[in-house]
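Taking it in order: structure first as structure tokens, then the write-up.
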Amino acid sequence: MSENLPPCPECASEYTYQDGALIVCPMCGHEFEETTATAETTDAAEAAPKFLDAVGNQLVDGDTVTVTENLNVKGGAPIKRGTKVTGIKLLDEPVNGHDIAAKIPGAGQMYLKCSVVKKA
Ligand SMILES: [Zn+2]
């Protein structure tokens, strides 16, 4: 792998080489520091981590999780803490703030929040 060093700013020679922190031109003897034209681009707009479970584990599609608290279900039996849910599906577009779709034993297809489950 050859490093892509900048040409000498004095004589424009391309035969520069790295010597410690400096770049040295063997043609004219000029030594210079590499200008950091490629400054590290920290992506400020980096998306906040999504789909983290109650303890901060990254969840992925198809994960098996357990419910960490008793959940009331409108018009149905509550989902008990510790209920195991297999094959979760993560929703890029949350439904009413719920970002997991899953089939829950005894409850059927439901939406959950990542914050109330823990990766099994
Ligand atoms: Zn030079």
Side-chain angles (χ1 to χ4, degrees):
M1 219 178 103
S2 64
E3 283 184 271
N4 198 8
L5 293 172
C8 174
E10 290 290 308
C11 70
S13 164
E14 290 175 8
Y15 301 105
T16 52
Y17 62 90
Q18 187 116 32
D19 184 16
L22 294 174
I23 295 167
V24 180
C25 173
M27 306 305 280
C28 70
H30 184 63
E31 294 181 351
F32 60 101
E33 283 183 61
E34 186 170 11
T35 50
T36 51
T38 53
E40 279 185 44
T41 49
T42 47
D43 195 0
E46 199 175 335
K50 285 174 80 175
F51 307 125
L52 299 180
D53 72 4
V55 294
N57 289 319
Q58 179 74 60
L59 298 171
V60 295
D61 270 340
D63 265 351
T64 298
V65 298
T66 51
V67 177
T68 59
E69 49 191 89
N70 293 318
L71 302 173
N72 291 317
V73 178
K74 214 180 267 181
I79 299 168
K80 282 196 185 131
R81 179 168 188 262
T83 300
K84 197 173 195 179
V85 183
T86 57
I88 62 167
K89 181 159 187 351
L90 300 169
L91 306 173
D92 279 320
E93 300 291 332
V95 178
N96 295 328
H98 295 65
D99 43 13
I100 295 175
K103 197 161 183 192
I104 295 172
Q109 189 69 33
M110 305 275 302
Y111 293 116
L112 291 170
K113 293 179 185 175
C114 287
S115 56
V116 301
V117 301
K118 199 170 85 154
K119 197 170 178 136

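Counted within 6.0 Å of NZ on K118, heavy atoms from surrounding residues, nucleotides or ligands total 12 or fewer; the atom is thus considered open.
Of all heavy-atom pairs between T66 and G82, the closest is CG2-O, 4.1 Å. For the residue pair V85 and A102, the shortest heavy atom distance occurs at CG1-CB, 3.3 Å.
Atoms OH and CG, on Y17 and L5 in that order, are 11.5 Å from each other to the nearest 0.5 Å. Put simply, CD on E10 and CD on E31 are 11.5 Å apart, with the number rounded to the nearest 0.5 Å. With rounding to the nearest 0.5 angstrom, the CD atom of Q58 is 9.0 Å from the CG atom of D53. Between atom CZ of residue R81 and atom OG1 of residue T83 there is a gap of 10.5 Å, rounded to the nearest 0.5 Å. One distance of note links CD1 of I23 with OG1 of T16; it measures 6.0 Å at 0.5 Å rounding. Rounded to the nearest 0.5 Å, atoms CD (E14) and CG (N4) are 9.5 Å apart.
A heavy-atom distance below 4.5 Å is not found between the side chains of P78 and N70. At least one side-chain heavy atom of F51 sits less than 4.5 Å from a side-chain heavy atom of D99. Taking 4.5 Å as the limit, every side-chain heavy atom of L59 sits out of range of all side-chain heavy atoms of L52. Residues V73 and M110 have side chains in contact (heavy-atom distance under 4.5 Å, counting atoms from C-beta outward). A 4.5 Å side-chain heavy-atom check between L112 and I104 finds at least one atom pair inside the cut-off. Put simply, the side chain of I100 reaches to within 4.5 Å of the side chain of C114, judged on heavy atoms. The side-chain heavy atoms of Y15 and C25, taken from C-beta on, include no pair separated by under 4.5 Å. The side-chain heavy atoms of K50 and D92, taken from C-beta on, include a pair separated by under 4.5 Å.
Residue L90 is grouped with residue V116 when hydrophobic side chains (ILVMFWY) are merged at heavy-atom distances under 4.5 angstrom, including chains of intermediate members. Taking hydrophobic clusters as Ile, Leu, Val, Met, Phe, Trp and Tyr residues chained together by side-chain heavy-atom distances below 4.5 Å, V65 shares a cluster with L71.
In this structure, S13 contributes its side chain and M27 its backbone to no donor-acceptor pair below 3.5 Å. Put simply, the side chain of H98 gets close to the backbone of N96: a donor and an acceptor are under 3.5 Å apart.
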